[in-house]
Amino acid sequence: RGVTTAVDAGSSGASTFAGLRKFVVEKCETRLLCFLHVSLHGLASAGCAGYGVGGECDSLKQVQAGACSRCIDENRDVLVGVKVRLTADICDDGKNEKEAYERALKAAETSNVPLMVHHSESTIPVGGSGLLSCPGSLRKGDIYTHTLHGFNSTIIDVTSKDRKS
């Protein structure tokens, strides 16, 4: 009875996961599975998406697909996927979104785990047509969050309320 499993959606990255494991996962009575943020420090330096500048993907030096994949490989009992937030104001006003997204896609593919993407107020276009897009570039099993909002990166056409093609 009750909740048997909870999922953390990218609070930690490769350099902060050991702390999350020791102080949260190991002390939690409920089983906790985690998505690892592609940014080394996860959300430790994150800004609020849509409410000002500054965030975990402002510096691409912090967005490390290799470190993310290694951490997942070493912690497969808890880490079940990769997380990235695609919002312009947490990615150096959008300048780093494309590269952060590509690195997150690479880390997820390398580790053979799903990618969870927070996609709102983003410069990454919705759709497909062969270009990098979200959710168009996601693979089967990946997770697309924040789907039903009125911002420019929604999958809903806010004028007709239909799904964008």
Side-chain angles (χ1 to χ4, degrees), residues 1-52 54-92 96-122 124 132-149 153-155:
R1 294 179 54 145
V3 175
T4 61
T5 304
V7 177
D8 174 84
S11 296
S12 67
S15 69
T16 58
F17 178 72
L20 182 80
R21 183 183 200 58
K22 180 176 181 178
F23 296 109
V24 180
V25 174
E26 292 176 4
K27 296 186 183 308
C28 191
E29 291 183 29
T30 302
R31 179 174 74 148
L32 182 61
L33 301 176
C34 302
F35 280 75
L36 188 70
H37 203 294
V38 71
S39 174
L40 289 173
H41 42 53
L43 297 179
S45 69
C48 290
Y51 295 100
E56 68 273 17
C57 295
D58 276 343
S59 170
L60 289 174
K61 291 179 180 180
Q62 299 300 318
V63 182
Q64 297 292 324
C68 182
S69 294
R70 283 189 299 280
C71 188
I72 289 171
D73 288 342
E74 295 166 2
N75 296 280
R76 288 202 179 263
D77 59 320
V78 175
L79 294 173
V80 296
V82 175
K83 172 72 181 283
V84 68
R85 292 195 309 163
L86 298 178
T87 299
D89 63 8
I90 61 171
C91 295
D92 195 16
N96 293 343
E97 276 189 288
K98 181 178 183 284
E99 184 65 27
Y101 187 29
E102 288 174 340
R103 291 179 188 188
L105 285 162
K106 180 180 179 180
E109 183 178 346
T110 299
S111 298
N112 196 32
V113 295
L115 173 61
M116 180 186 292
V117 179
H118 163 140
H119 185 232
S120 65
E121 300 193 63
S122 175
I124 303 295
L132 183 71
S133 64
C134 193
S137 297
L138 295 178
R139 305 163 301 154
K140 183 177 180 178
D142 288 344
I143 301 164
Y144 183 71
T145 68
H146 304 283
T147 58
L148 307 175
H149 54 74
S153 54
T154 185
I155 62 169

Nearest-0.5 Å distance that lies between atom [atom1] in [X] and atom [atom2] in [Y]:
{"X": "Asp58", "Y": "Cys91", "atom1": "CG", "atom2": "SG", "answer": "7.0 Å"}
{"X": "Ser39", "Y": "Arg85", "atom1": "OG", "atom2": "CZ", "answer": "10.0 Å"}
{"X": "Phe35", "Y": "Leu79", "atom1": "CZ", "atom2": "CG", "answer": "10.0 Å"}
{"X": "Leu86", "Y": "Cys57", "atom1": "CG", "atom2": "SG", "answer": "7.5 Å"}
{"X": "Glu97", "Y": "Asp92", "atom1": "CD", "atom2": "CG", "answer": "10.5 Å"}
{"X": "Leu32", "Y": "Leu20", "atom1": "CG", "atom2": "CG", "answer": "6.5 Å"}

So, does [X] use its side chain to make a donor-acceptor pair with the main chain of [Y] at under 3.5 Å?
{"X": "Ser59", "Y": "Lys61", "answer": "yes"}
{"X": "Asp8", "Y": "Ser11", "answer": "yes"}
{"X": "Thr16", "Y": "Gly13", "answer": "yes"}
{"X": "Arg70", "Y": "Gly66", "answer": "yes"}
{"X": "His119", "Y": "Ile124", "answer": "yes"}
{"X": "Ser122", "Y": "Ala88", "answer": "no"}

When every non-hydrogen atom of Arg103 is compared with those of Ala65, the smallest separation belongs to O-CB, 3.4 Å

Give the minimum heavy-atom separation between Asp73 and Ser111, together with the two atoms involved.
OD1-OG, 4.2 Å

Hey, mind stepping through Asp77 and Arg31 against salt bridge (Lys or Arg N to Asp or Glu O under 4.0 Å) and telling me if it holds?
CA-CA 11 Å; Asp77 59 320; Arg31 179 174 74 148; over 6 Å; no

Does the side chain of His37 pick up a donor-acceptor pair with the side chain of Glu56 at under 3.5 Å?
yes

Within a radius of less than 6.0 Å around CD of Glu99, do more than 12 heavy atoms belonging to other residues, nucleotides or ligands occur?
yes

